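Chain letters run A, B, ... following the sequence lines, proteins first and then strands; every chain starts at 1. What you see is a predicted model, and the numbers here were worked out from it, not measured in a lab.
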Number of protein chains: 2
Amino acid sequence: MKLTSKGRYAVMALTDLALYYKNGPVSLRDISLRQNISLLYLEQIFLKLRKYKIVESIRGTKGGYRLNRKASDIRLSEILSAVDENVKTVRCIKHLKKGCNGKSIKCNTHKLWDELDGHINSFFEKKLLSDLAHKNDLEKRF
Amino acid sequence: MKLTSKGRYAVMALTDLALYYKNGPVSLRDISLRQNISLLYLEQIFLKLRKYKIVESIRGTKGGYRLNRKASDIRLSEILSAVDENVKTVRCIKHLKKGCNGKSIKCNTHKLWDELDGHINSFFEKKLLSDLAHKNDLEKRF
DNA sequence: CTCAAAGTTGACTAAATCAGTCGGGAATGT
DNA sequence: ACATTCCCGACTGATTTAGTCAACTTTGAG
């Protein structure tokens, strides 16, 4: 499976964004400072998030990002697939080519990884950004 | 998460072993041929499987490996942790050190990755080697 | 009692991936 | 005008992965 710091950062950054964007767009600089993530790296990440319509950008001074939808309409699976491409444990295409005919051991395990993918994906599909961003987290920190 | 071809190969190889070891130990050479996995790579993998008491080895001519327990007593989680070390999605220790006090956004996501770990681990704990190794797979192939 | 077949082990390496940086833009509010 | 912000492609060092190599020990068979 592919679950890198890019995905982790994306979730952290969007959780931050979800908490702060009510008072206007949030700049990556702010997120960078609060979450301790490299600004330049965040730029890369948000580029992708924007392409996937998860956030929208406002340029210029006082610009930044805001969520494109309500936090309760954003599944974590979307976030992860936006930044990390697909959440696929194994790409068994090689084996398929070698004649994975549905009856061999290769296919037994193949099926296993497919099940795993489904298992993980359903986890992230059930989780919403709003599940992570709670107002009271803000208050407790300041 | 760490789920590499080592883990995949280990599961494939052990499934193979589970099917064949009734007629005496199975050599890595045979597994290598049947499953199309590099012999030298298999050696590495089985070294670890032996250390974790999942298989036992018989040296010399006509030697090979056999399962140390019944296939129905071997959880996939054991196999994977034997070859790939731990199935940990993220090691948040860095963040912990930076003062992850249970109230910040970092911890919200931290909790998420812990949940995910639990979710994945329970998947592999429920799966037994015997779930993959069915006799009829053999017959169908020859 | 020799030889070939098997496991044992540590070191090594090419290729890929990851995490992050750099430099130079373009837009825009003040 | 100009600082602040997003935009974007190219680059890079470090790490990990997948796999190889070489040299060894053990043991069954002839």
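Between the OH atom of A:Tyr41 and the P atom of C:dC22 there is a distance of 15 Å, given to the nearest Å. In this entry the distance linking CD1 of A:Ile37 with P of C:dT21 reads 12 Å, nearest Å. Put simply, CD1 on A:Ile45 is 10 Å from C1' on C:dG20, counting in whole angstrom units. One atom, CZ of B:Arg8, and another, C1' of D:dA18, lie 11 Å apart when rounded to the nearest Å. Between the NZ atom of B:Lys48 and the P atom of D:dG19 there is a distance of 14 Å, given to the nearest Å.
Within the 4.0 Å cut-off from OP1 or OP2 of D:dA18, at least one side-chain nitrogen or oxygen of B:Ser5 is found.
Around the CZ atom of A:Arg69, the shell of radius 6.0 Å holds more than 12 heavy atoms that belong to other residues, nucleotides or ligands.
Within the 3.5 Å criterion, the main-chain N or O of A:Gly118 finds no donor-acceptor partner in the side chain of A:Asn121. With hydrogens and angles disregarded, a donor-acceptor distance shorter than 3.5 Å links the side chain of B:Ser32 to the backbone of B:Ile37.
Residue B:Tyr20 holds its OH atom at 12.0 Å from OG of B:Ser27, rounded to the nearest 0.5 Å. Taking OG of B:Ser38 as the start and CD of B:Glu43 as the end, the distance is 8.0 Å to the nearest 0.5 Å.
The overall bend of the helix from C:dC1-D:dG30 to C:dT30-D:dA1, read as the angle between its terminal helix axes built from five base pairs each, is 0° when rounded to 10 degrees.
Applying side-chain contact (heavy atoms from CB on, under 4.5 Å) to A:Tyr65 and the options A:Leu28, A:Val26, A:Ile54, A:Ile31 leaves one that passes, A:Leu28.
Not counting sequence neighbours, the partners of A:Phe123 by the ring-ring contact (aromatic ring centres under 6.0 Å, His included) test are B:His119.
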Using the rule given for side-chain contact (heavy atoms from CB on, under 4.5 Å), can you reason through A:Gln44 versus A:Lys48, listing the C-alpha separation, both sets of side-chain angles and the distance that settles it, and then say yes or no?
CA-CA 7 Å; A:Gln44 267 192 41; A:Lys48 297 189 179 195; 5.8 Å; no
For every nucleotide of nucleotides 3-11 of chain D, 5' to 3': is a protein heavy atom under 4.0 Å from its base (B), only from its sugar-phosphate (S), or from neither (-)?
BBBBBB-B-
